[in-house]
Amino acid sequence: MLQSKSFVKKTKGGKVVKVVREHYLRDDIYCGASICKTCDSSVARLSSDASTIIIVDTNVVLNQIDLLENSAIDEVVVLSVVLEEVKNKNLSVYNRLRTLCSNSQRKFFVFSNEHHKETYVKAMVNESPNDRNDRAIRVATQWYQKHLGSAVRVLMITNDRENKRKANEEGISAETVESYVKSLGQPALLDLLARPASEDVVMDSVEDLRPSKRKVIYSEHKPMSEITTGLHRGIYHQGKLRVNRYNPFEAYVGSESIGDEIVIHGRTNMNRAFDGDVVAVELFPQDQWHAEKSRIADEEDEEDESVHLVQSSADDAPRSTNVQGSSADTTPSRPSGCVVGVIKRNWHSYCGSLEPMPMPAGAGGIAHALFVSKDRRIPKIRIQTRQLGNLLDKRIVVAVDSWDRLSRYPSGHYVQTIGEIGDRETETEVVLIENDINSRPFSSQVLACLPPLPWSVSAEHLSDPNREDLRHLQVFSVDPPGCRDIDDALHCTLLPNGNFAVGVHIADVTNFVHPGTPLDDEASQRGTSVYLVERRIDMLPKPLTEDICSLRSDVERLAFSVIWEITPQADIISSRFTKSVIKSCAAMSYVEAQARMDDSRLVDPLTTDLRNMNVLAKIMRQRRIDRGALTLASAEVKFQIDTETHDPLDIGMYQIREANQMVEEFMLAANVSVAEKVLKHFPFCSMLRRHPTPTREMLEPLLRTAAAVGLDLDVSSSKALADSLDRAVGNDPYFNKLIRILATRCMSQAVYFCSGDLSPPEYLHYGLAAPLYTHFTSPIRRYADVVIHRLLAASIGISKLPAIFQDRPQLTSIADNLNYRHRNAQMAGRASVELHTLIYFRKRPTDTEARIVKIRSNGFIVFVPKYGIEGPVYLTARGDNGSGEWLVDEQHQQVKKADSSICYNVLQMVRIHMEVVEPQPNRPKLELTLTE
Amino acid sequence: MEFVSPEGLRLDGRRPLEMRQLRAEIGAVSKADGSAVFEMGNTKVIAAVYGPREVENRAQQMNDQALVRCEYTMANFSTGDRVRKPKGDRRSTEISMVIRQTMEACIMTHLMPRSQIDIFVQVLQADGGTRSACINAATLALADAGIPMRDLVTSCSAGYLNTTPLLDLNYVEDSAGGPDVTVGYLPKLDKVTLLQMDSKLPLDTFESVMQLAIEGCKAVANYLREVLLENTKQLEYRRGS
Ligand SMILES: [Zn+2]
């Protein structure tokens, strides 16, 4: 049956232990070539007419994965020894390679050479693991050539000079990546080649790389051994580098060893680290902490800030306001340092465009271009291209290969073209790629999980003892106009005892999405639906979201219901949970519902129910505010989109009505009730949502601004803050909202978590002042709600708890993924609004009011309430840092002219002009200028 | 962690439904009435049987059946790390009991009243599945001692990792913390006499995993029967000469 062989493996855990593992060698591992007569061809992936089969080595996979992903490369054998090495070195490349191997469109075959009795090689005495693996690759290549005979050429691809030499000696055909790609006769493919920093086989290089000609820009990274000892002795601190989204020259490293964030000022101190890299940091002496900051302020100020949407929370905002050129009167509160080494790279591919440049003489040759990422946290990337003319006006994807100390910018290679810059579809695609959003159509496996259409409630559902028939109730829904994925509906009936029976009915998504199915896996990966201005990317396939699950009017639908008995004073006496069948009698928009409530002539049952609910909701809302819930403000904008061109026709703030607040209130109550219920039954594996209490440091920018306008805010508790926000009324009506917007952006975002990972006091939802909270009410568009539906069903005993809930690490990783997806969905939504704002103003230069929210040495940042955007207004010409002419008073947050003739204060209103300009071809941007 | 590659191979090169290599040798301890060494891959166990003999402690003597005793130990060198395991710790006591109960269920104790049978099993090398290996070794030793049994009780484990049922987990797979079902089985009578499981499994998965372990037991039984047959032939040959 099989042969056995024991071999010796090395270390495990700190100490050196001899581990003996069995290693079975087999004779039933097939070659995967369909021309082969001896092997089982049912598993074959390599086509029968292939003239060349290539076998790649580990470094080729690691460095050239973009090339391998191009469909020009096929008929590839991936050896298990290579897979194993790739997995140990770079998991993301490993996953991409695995995806290639499982893609039925591609011809990649995995050959388990390590368990094949003829290709397994045992390490020889004094042979390094690397040499042994190289030999294994050569042995496998030789085996293939012998196995398949002369009909096919088996080619080993390696850039390792030694390996190639040995291969040639052993009579194996071997080539470098570059010469192989050249032999394919597709010059554009050469752009995809990565250029590793130091490689064995020289690629042709046009660039003058002679060290003498180039100066050293960055200090050397310390060797790994030194970093390890340094970390051990507390000289260095390890953490993940996060670059400030709004100031790419400032980064933070959250360090556990000092329990604080270390600030890294400037690219020199960042020392070639990218956002997301795990780095080792050395601290500067404390007296230099502040000096570092101001010294950097006027370093490479090459990019100016762009106009963007107003930030909605602290997570995407700088943690400390960086007032440039200010006098050093504030105490340096935060440690600063510089990066001495990168422990783990977070390089991937980035979306952006090339910096405009003239075509080099002799077109068709190789050009060196600078790539500018859309993500401002990423430095420019140098690439080589043979198709410059083609790429200059395009959005492209570029991957990073290396960054040596002699280059100001990292080098990388071109991966693919997305489309023309400024084109709405291209830019939307960029937004999706940048935020890692899967917008591909659902696979056939996923669609196969859907119930057959047309679907309707069956007798089986009605006779289910666990499902209540609530079709007799007058259930209705209230949503934004045009909403097609209705996941919540309400009812409210007066009981004989004078109380109300109020029900919140949520689409019964888990009746259709079962754990472990491809549909469930896909939804869990997507995590949330993504709402862009002109498009929605669904978490679940359309038949579910818009039809089967959607609680539309006049059709019977399955629901999961929360039903309370509520007194007229809005006290909840009892709550119960049940699966149900409902039939909604009306799907109203907020406007319609509001109009009904306001129209005193209407006395029909539906309007009465609405009014009753509204009365209850108002009491509940007031009670919540009294408890300390923050009524925060955000500046949400709404576009009116041309149905044909998809261009924005009008833009304005989203108006919030009483009807919105009414629905929101009952959704909050349902979420709280469900959170209490599931936590009671499953104290360790519930998925809840928490909103961390902001630290005083996070609220610092708010306090500083408030102090500058003479406002005293009490931030000791959410209640105190809520009260002082209520008191914050200036002499203009917009003042209070502005303060609230500033407060909102100081808070961090709420996050999902697994209840077993934290202690109950940490469950708090600060913003809602609720000790427990979760998401139950939108299972059509949020996966967290799907999870909660399953927990709730199990806690009322109508279904088993899926196995996943017994696995806390996996539950935690689901929560982490949901937080990541949620955040990306928000970022994408904002980016989409920014894109449409730009398109809107392209043809419509506008004058409007704005508020100063931050003072700069050369101007200030304004907030434009009408359009929800924020951007810089410059008082001086670009390049001139306003030296002398304008003075900044940080304490009063004002900037004034040297002769005191003009003065701008924070929160002051100014009139501005908005216009789209193109300082460089194909690079439109929105510019704000003062009109006074 | 990936315990089964997309190519369908486990870490050590086996396919999910394959057992490790089995090896057995009868009569390793000449002083004992019956003995055997049994190997499942790198797991190696020795078993020795004394009896039936007079009951040492008169108080324990039973008038209608034999007293079966079992002692399980692990050699200090059996695992890689040099941790001194105290004798009679909870795990050993539990395994001793499991082995005793399993063996008692197949020995025809009523044929040997007022006597005592001692089974000693020691793990020489541990690489997962020690419990099963001990039972298999004990079965062989009992057969070698000529103690009457209803059937050859055999044991095998199966687990469930990466949503795949796996037969005969080795140490690495065992320490993944997934479900691990150990079955003791009487192949002729088609009866399960031992069933142990770590961790939890949904019912339908559990059934397929248990069925797999039973298939493993059957394969072990076939092998043991071959070994015994071969051994008997040898004895016959020696006696004949
Ligand atoms: Zn073949």
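Computed from a predicted model, the values in this text were never measured in an experiment.
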Region of B/L201 that comes under 4.5 Å of a non-hydrogen atom in chain A: neither

Minimal heavy-atom distance between B/R14 and A/R26, with the atoms involved, is CA-NH1, 3.4 Å

Kindly give the heavy-atom pair with the smallest separation between A/Y24 and B/Q21, and that separation in Å. OH-N, 3.0 Å

For the pair B/E7 and A/R98, evaluate salt bridge (charged side-chain N to carboxylate O under 4.0 Å, His left out) and give the outcome as yes or no after the intermediate values. CA-CA 11 Å; B/E7 289 70 51; A/R98 271 291 181 198; 2.9 Å; yes

Part of residues 83-94 of chain A lying next to chain B, heavy-atom separation under 4.5 Å: A/K87, A/Y94

Atom pair CD/CG of A/E22 and B/L11 - distance to nearest 0.5 Å: 12.0 Å

Within this structure, what is the CG-CD distance for the pair B/L9 and A/E114, rounded to the nearest 0.5 Å? 11.5 Å

